[in-house]
2 protein chains.
Amino acid sequence: MATEAFAARGYNKASLAEIADVAGVTQAGVLHHFRSKAQLLTSVLDLRDATDIEQLGPERPRGLAFLRHLVDTARRNTEREGIVRLYAVLSAESVTDDHPAQEYFRARYAGLRAMVADALAEACELGELPAATDLRDAANAIIAVMDGLQVQWLLAPAEVDMAASTDRVLGAVLAGLGHRG
Amino acid sequence: MATEAFAARGYNKASLAEIADVAGVTQAGVLHHFRSKAQLLTSVLDLRDATDIEQLGPERPRGLAFLRHLVDTARRNTEREGIVRLYAVLSAESVTDDHPAQEYFRARYAGLRAMVADALAEACELGELPAATDLRDAANAIIAVMDGLQVQWLLAPAEVDMAASTDRVLGAVLAGLGHRG
DNA sequence: GTCTATATTTGGATAGAC
DNA sequence: GTCTATCCAAATATAGAC
């Protein structure tokens, strides 16, 4: 599948021939369904989004519960190296000039930022956390830890405990919220 | 220069022709000095390391001072988009199959982990911080925040304050050290 | 040490038959 | 909808002249 190829080699090095081979069709066959390689990539990313949303369901937890859920995500990711690699590789590759997934990741991070910042704000409103400002910086940091850990973990799984590190940062940032902002 | 090309397009998409063009020589001229494209990449990375080490000098701060210095690094990085992009793109690209910089980044992260973990341990010994265990997870997390913020910042500079987010996480993790491990 | 020229491979994409 | 065949462009690398 195209997902595996993009995860294993990145967008630039993955070839349509290889993807077609695994799919059991010819390269021309792939391009019949997807206008171009770039469109195949965006389709792969959109498909993954749809899968993840479906799996999450509409009952998204609120406030502190949502934030705690991020640690579970980190833990579950340990069992999904393919997906982790896909996002780790493509998100960084997307910052290169004219990358076809650049807008996708811009939008994705904007959405993630909003979700985490909202969860922080909700937690404050619900009284789960002390009122605080600069929630944006905290939200960005929480997202960043999870992303950064993935790269380290892919390179050296034995040296990195994604769930433990995520848990530590999350706990520390939440505990520190009142003292700073 | 090759550095700019690899930063702007990643290793796979950057071409020797483009690099040679900017350098004012032919493609064959480049390959006379570097056996292959892969060797050119490792040369670029080694050169950058040498530059950074030279700039840092041998008087590396210890303990808490070293950790605080990381915030300054994050702030200074705001003025060095090229370098930030180079490492953000290549570090993630390096997790792909048979990437020529894979060993380089494995070693780099091992070194970073050791440095940050040592600084944490030193801070505990010096009494700057309460004694704590699981410094490895904390060190990994601190490195991860800085890396993750870079990708977000490259995609949306206006939305990300690398220094502020680094500072928040660092402060929170240090403050939380005693309570957990 | 840098060039020209070229070998060799591979990539994405298109046209048209079936 | 999938194939074969082909085009065209671009890439890395090498050989040999100057």
Side-chain angles (χ1 to χ4, degrees), chain A residues 1-48 50 82 85-86 88-105, chain B residues 1-48 50 82 85-86 88-105:
Chain A
M1 177 95 88
T3 307
E4 282 74 24
F6 287 138
R9 301 185 223 305
Y11 172 74
N12 283 313
K13 192 162 192 193
S15 76
L16 292 176
E18 169 203 6
I19 293 167
D21 236 38
V22 177
V25 295
T26 65
Q27 183 220 24
V30 172
L31 285 177
H32 176 75
H33 294 282
F34 307 93
R35 227 171 262 281
S36 67
K37 189 187 178 185
Q39 214 210 39
L40 172 59
L41 174 64
T42 61
S43 295
V44 164
L45 292 171
D46 287 345
L47 174 65
R48 275 251 56 88
R85 179 175 261 120
L86 181 76
V89 170
L90 292 181
S91 63
E93 199 181 21
S94 81
V95 313
T96 57
D97 292 350
D98 301 319
H99 194 281
Q102 193 166 113
E103 267 321 302
Y104 171 85
F105 278 104
Chain B
M1 179 93 91
T3 308
E4 282 74 24
F6 287 139
R9 301 183 226 306
Y11 172 75
N12 284 313
K13 191 161 193 195
S15 77
L16 293 176
E18 168 202 6
I19 293 167
D21 235 39
V22 176
V25 294
T26 64
Q27 182 222 21
V30 173
L31 285 178
H32 176 74
H33 295 282
F34 308 93
R35 227 172 261 282
S36 66
K37 188 187 177 185
Q39 214 208 41
L40 172 58
L41 174 65
T42 61
S43 296
V44 165
L45 292 172
D46 287 345
L47 174 65
R48 274 249 59 87
R85 179 175 262 119
L86 182 76
V89 170
L90 292 181
S91 63
E93 200 180 22
S94 81
V95 312
T96 57
D97 293 351
D98 302 319
H99 193 281
Q102 193 166 113
E103 268 321 301
Y104 171 85
F105 278 105

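Note that the structure is a prediction, hence the values are computed from the model and not measured. The sequence lines fix the lettering, A, B, ..., with proteins before strands; numbering per chain opens at 1.
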Neighbours of DNA chain D within residues 6-15 of chain B, by heavy-atom distance under 4.0 Å = B/A14, B/S15

Do you know which two heavy atoms are closest between B/L31 and B/S36, and how far apart they sit?
->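 Closest pair (atom of B/L31, atom of B/S36, distance): CD2-CA, 3.9 Å.
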
Please report the shortest heavy-atom distance between A/A20 and A/V30, naming the atom on each side.
-> CB-CG2, 3.6 Å

Does a nitrogen or oxygen in the side chain of A/T26 sit under 4.0 Å from OP1 or OP2 of D/dT2?
-> no

B/V89/B/F6 under side-chain contact (heavy atoms from CB on, under 4.5 Å): CA gap, chis, key distance, verdict = CA-CA 8 Å; B/V89 170; B/F6 287 139; over 6 Å; no

In terms of heavy-atom contacts, does CZ of A/R35 have more than 12 from other residues, nucleotides or ligands at under 6.0 Å?
->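 Counting neighbours around CZ of A/R35, 12 or fewer heavy atoms of other residues, nucleotides or ligands fall under 6.0 Å, so no.
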
Distances under 3.5 Å between protein N/O atoms and the N/O atoms of nucleotides 13-18 of chain D, please, pair by pair.
| unit_1 | atom_1 | unit_2 | atom_2 | d |
| --- | --- | --- | --- | --- |
| D/dA13 | OP2 | B/K37 | N | 3.0 |
| D/dA13 | N7 | B/Q27 | NE2 | 3.4 |
| D/dA13 | N6 | B/Q27 | OE1 | 3.1 |

Roughly, in whole Å, what's the span from [atom1] in [X] to [atom2] in [N]?
{"X": "B/F34", "N": "C/dT2", "atom1": "CZ", "atom2": "C1'", "answer": "14 Å"}
{"X": "A/D21", "N": "D/dT2", "atom1": "CG", "atom2": "P", "answer": "15 Å"}
{"X": "A/L41", "N": "C/dG12", "atom1": "CG", "atom2": "C1'", "answer": "15 Å"}

Just grab all the salt bridge (charged side-chain N to carboxylate O under 4.0 Å, His left out) pairs involving residues 3-31 of chain B, residues at least two apart or on different chains.
->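 Residue pairs with at least one partner in residues 3-31 of chain B: A/D97-B/R9, B/R9-B/E18.
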
Heavy-atom donor-acceptor pair, A/E93 side chain to B/G10 backbone, under 3.5 Å =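 Such a contact is absent between A/E93 side chain and B/G10 backbone.
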
Can you check whether B/S94's main-chain N or O pairs, donor with acceptor, with B/Q102's side chain at less than 3.5 Å?
->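 Yes: the side chain of B/Q102 pairs with the backbone of B/S94.
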
What nucleotide among D/dC3, C/dG1, D/dG1 has an atom nearest to a side-chain atom of A/H33?
-> D/dG1

Between atom OG1 of A/T96 and atom OH of B/Y11, what is the distance when rounded to the nearest 0.5 Å?
->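 One gets 15.5 Å once the value is rounded to the nearest 0.5 Å.
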
